[in-house]
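Numbers for residues simply follow the sequence, beginning at 1.
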Amino acid sequence: MTFENVTFAYAGDGQEPVLKNIYDTRGGIGSNNRVETEGVSLLAQWQINDVFTLKSITAYREGDTDTVIDFDNSPRPALDVPGLYADRQFTQELQLLFEGQRWQGVAGLFYLDAMARGKFDTIVGLINTTIATSGQVDTESVAACADVSFDITDALSASLGGRWTSDDREGTVYRQNFTGLYSPLFGNDAAIPGLVRSNYTNDKSFDEFTPRVSVTYEFSDDLTTYAAYSEGFKSGGFDMRGDAVLTPDTVNGYDPEYVTSYELGMKGTAFDDRFSYNFAVFYSDYSDQQITRQQPTVTGSIASFVDNAGASTIQGAELEGAIRFTDRLSLSYGVGWTDAEFDKYETFQVITNPTPPPATITVPVDLSDTAVFQNTPEWNGNLALSYRHDLEKRGSVLGTVRGSYRSEYSMFEFENPQIDQTDDYTLVDVDLVWTLANGRTTIGAHGRNLTDEAYKVGGYLFAGPTFGNVVNSFYGPPRTYTLTLGYSFR
């Protein structure tokens, strides 16, 4: 990822000018980042008879991350965050697949045993302060599910399914102020300990049944329509960055998020299967939505924590498909429209209580009229033209020109033109791949972002002299060229 430094204003130091190149940085924390992920899985399948098949999927995965983030992108530690993270998970799934003359389906059991832990320092160097944070969440989840489809007639079919899920979570969170740069978590034993902001262990359990039903009707071999209804939930948990001093309720964790979804669609082909399409419209209603809200406090600071403070509606439409002009020349296409709005976005604001005696208090407020969905463009689209040329005994060459479009979007829940992507943009890519006659070896030349479009993919804004009045924008890759060599052992 690349970034742009806009302006830094350090207390007593004046300002440093904007860098000329958006891919340059003055970051001083370094760039030593390491991500290591490994895992193993085992798939076993037993066909009991012509009707039933039993399948077992066993998997283990673990990952470790050593990262540094220079939020201020400056030589000084105005806001630096080194972090260490690790996760482990074991899953076991059993599936019973069954198929009859006019029905088919699957029933299954699922088990998850997972652990995620991490620690990081928030180094606020301009006031010689570090906030040390560490935590761990252990999760044990079991689920049972089934989905069965029935062919009511030759054209009409229905599908009915459901899933019961039970999650047990235990969270441990520690957060403390230290005077000095870095805390003992990252080797600075000389740091002077200060206020303990969080230090607790708590657990919560969640149980939910979520159904799904759909109906499909085939008007012909070339046209199929469907309608679907489903319910879902995202389990609750604990905020590893929760500050029990500023937000005491964080020790109780947050509750599940729920969604009810509706979808209508059609898919089909025409002109001897040379034209294909898949069209869908959808509507989703979210309640108890988990959002990370920024809450002002009576002390003049800001508390960031996860809370069930939102409700929203997401609706839209999608169209995708392909056109095969000849056996060598084809076109794929896709376009999507998304309308995402908050119906509720609760937070608090600080006011002075006018009744005697005067006091500064926080009162609830709904910001749904100004809150927006982050990183959610209203429009997106893609178009790709491909041509394959047969080289006979020397294999074949496939050339593809691809364009992808996104309209403007906000980086966070509240618009800010300093860091948001305020214009729509289109990326143009080209691929030329030669597949040798053996069908296994490929040699490719690839170009990405050929028009050298500058587009933002992230950003931060930290106001006030404590953090140096930093405004940062992070940009996607510029125009790049690569050569590839591949071999398939299959």
From CA spacing to verdict: ring-ring contact (aromatic ring centres under 6.0 Å, His included), F342, F373: CA-CA 8 Å; F342 281 104; F373 271 69; 4.6 Å; yes
Could you walk me through whether D285 and Y283 satisfy the side-chain contact (heavy atoms from CB on, under 4.5 Å) test, starting with their C-alpha distance in whole Å, then the side-chain angles of each, then the deciding distance to 0.1 Å, before giving a yes or no? CA-CA 7 Å; D285 183 18; Y283 178 91; 4.3 Å; yes
Trace of the side-chain contact (heavy atoms from CB on, under 4.5 Å) decision for R88 with D64: CA-CA 9 Å; R88 311 282 186 273; D64 292 279; 3.4 Å; yes
Check the pair D168 / S205 against side chain to side chain donor-acceptor pair (under 3.5 Å), numbers first and verdict last. CA-CA 4 Å; D168 294 321; S205 297; 2.6 Å; yes
Could you walk me through whether N252 and Y200 pass the side-chain contact (heavy atoms from CB on, under 4.5 Å) check? CA-CA 10 Å; N252 300 318; Y200 68 89; over 6 Å; no
Take E231 and V259 through the side-chain contact (heavy atoms from CB on, under 4.5 Å) test and state the conclusion after the steps. CA-CA 6 Å; E231 297 178 9; V259 61; over 6 Å; no
As a quick check of understanding, evaluate ring-ring contact (aromatic ring centres under 6.0 Å, His included) for F414 and Y345, giving each step before the final call. CA-CA 11 Å; F414 297 96; Y345 193 103; 5.3 Å; yes
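Counting only heavy atoms from C-beta outward, the side chains of E170 and T201 approach each other to under 4.5 Å. Considering only heavy atoms from C-beta on, D66 stays 4.5 Å or farther from N32 through its side chain. Between F110 and T165 the shortest side-chain heavy-atom distance does not fall below 4.5 Å. R197 places a side-chain heavy atom less than 4.5 Å from the side chain of D243. At a threshold of 4.5 Å between non-hydrogen side-chain atoms, the residues L432 and V397 count as touching. The side-chain heavy atoms of D249 and F305, taken from C-beta on, include no pair separated by under 4.5 Å. Proximity of D343 to Y286: side-chain heavy atoms (C-beta onward) are nowhere separated by under 4.5 Å.
For the ring-ring contact (aromatic ring centres under 6.0 Å, His included) condition, no pair includes a residue of residues 380-413, sequence neighbours left out. Counting only residues at least two apart or on different chains, the ring-ring contact (aromatic ring centres under 6.0 Å, His included) pairs with a member in residues 238-269 are Y229-Y262.
Using bins of under 30°, 30° to 60° and over 60° for the plane-to-plane angle, the ring pair Y85/F120 lands in the tilted bin. Ring-plane geometry between Y475 and Y23 is classed as perpendicular, the angle between the planes exceeding 60 degrees on a 0 to 90 degree scale with a lower cut at 30.
The closest donor-acceptor contact from the side chain of T376 to the backbone of Q374 lies under 3.5 Å. Remark: side-chain polar atoms of D420 are not paired, donor with acceptor, to backbone N or O of E415 under 3.5 angstrom. Checking side-chain atoms of S276 against main-chain N and O of A322 turns up a donor-acceptor pair under 3.5 Å. Using a distance-only test at 3.5 Å, with no hydrogens or angles considered, no donor-acceptor pair links the side chain of E257 to the main chain of D288. Checked by atom type and distance alone, the side chain of D80 never pairs as donor or acceptor with a backbone atom of I123 at under 3.5 Å. Under the 3.5 Å distance criterion, the side-chain polar atoms of D272 are left unmatched by any main-chain donor or acceptor of R274. The backbone N or O of Y182 lies less than 3.5 Å from a partner atom in the side chain of T130, making a donor-acceptor pair. A distance-only check finds no donor-acceptor pair linking the side chain of R388 to the backbone of R328 [under 3.5 Å]. Side-chain atoms of R163 never come within 3.5 Å of backbone atoms of A143 as a donor-acceptor pair (strictly under, hydrogens ignored). Proximity of a side-chain donor or acceptor of Q290 to a complementary backbone N or O of S235 within less than 3.5 Å is detected.
No hydrogens or angles considered: a donor-acceptor pair under 3.5 Å links the side chains of S56 and Q92. Side-chain polar atoms of N382 and S404 form no donor-acceptor pair below 3.5 angstrom. A donor and an acceptor atom, one from each side chain of T133 and R175, are located under 3.5 Å apart. In the model, W337 has a side-chain atom that pairs as donor or acceptor with a side-chain atom of E378 under 3.5 Å. Between the side chains of S220 and D222, not a single donor N or O lies within less than 3.5 Å of an accepting N or O. Between D147 and S159, the side chains place a donor N or O and an acceptor N or O closer than 3.5 Å (distance only, hydrogens not considered).
Ionic pairing of K204 and D255 is present here: one or more N-O contacts between side-chain nitrogen and carboxylate oxygen are shorter than 4.0 angstrom. With respect to the salt-bridge test (charged N to carboxylate O, under 4.0 angstrom), the residues D154 and R102 qualify.
Rounding to the nearest 0.5 Å gives a distance of 7.0 Å between OG1 of T426 and CD of E453. Distance check: Y487 OH to N438 CG gives 6.0 Å after rounding to the nearest 0.5 Å. If you take CE on M266 and CG on N278, they are separated by 10.5 Å, rounding to the nearest 0.5 Å. Atom CE of M115 is separated from atom CG of D138 by 7.0 Å, given to the nearest 0.5 angstrom.
Atom CG of D390 has more than 12 neighbouring heavy atoms from other residues, nucleotides or ligands inside a 6.0 Å radius. The local environment of CZ in R241 is sparse, with at most 12 non-hydrogen atoms from other residues, nucleotides or ligands closer than 6.0 Å. Other residues, nucleotides and ligands contribute only 12 or fewer heavy atoms inside 6.0 Å of the CH2 atom of W434.
L436 pairs with exactly one of I443, T442, L391 by the side-chain contact (heavy atoms from CB on, under 4.5 Å) rule, that one being I443.
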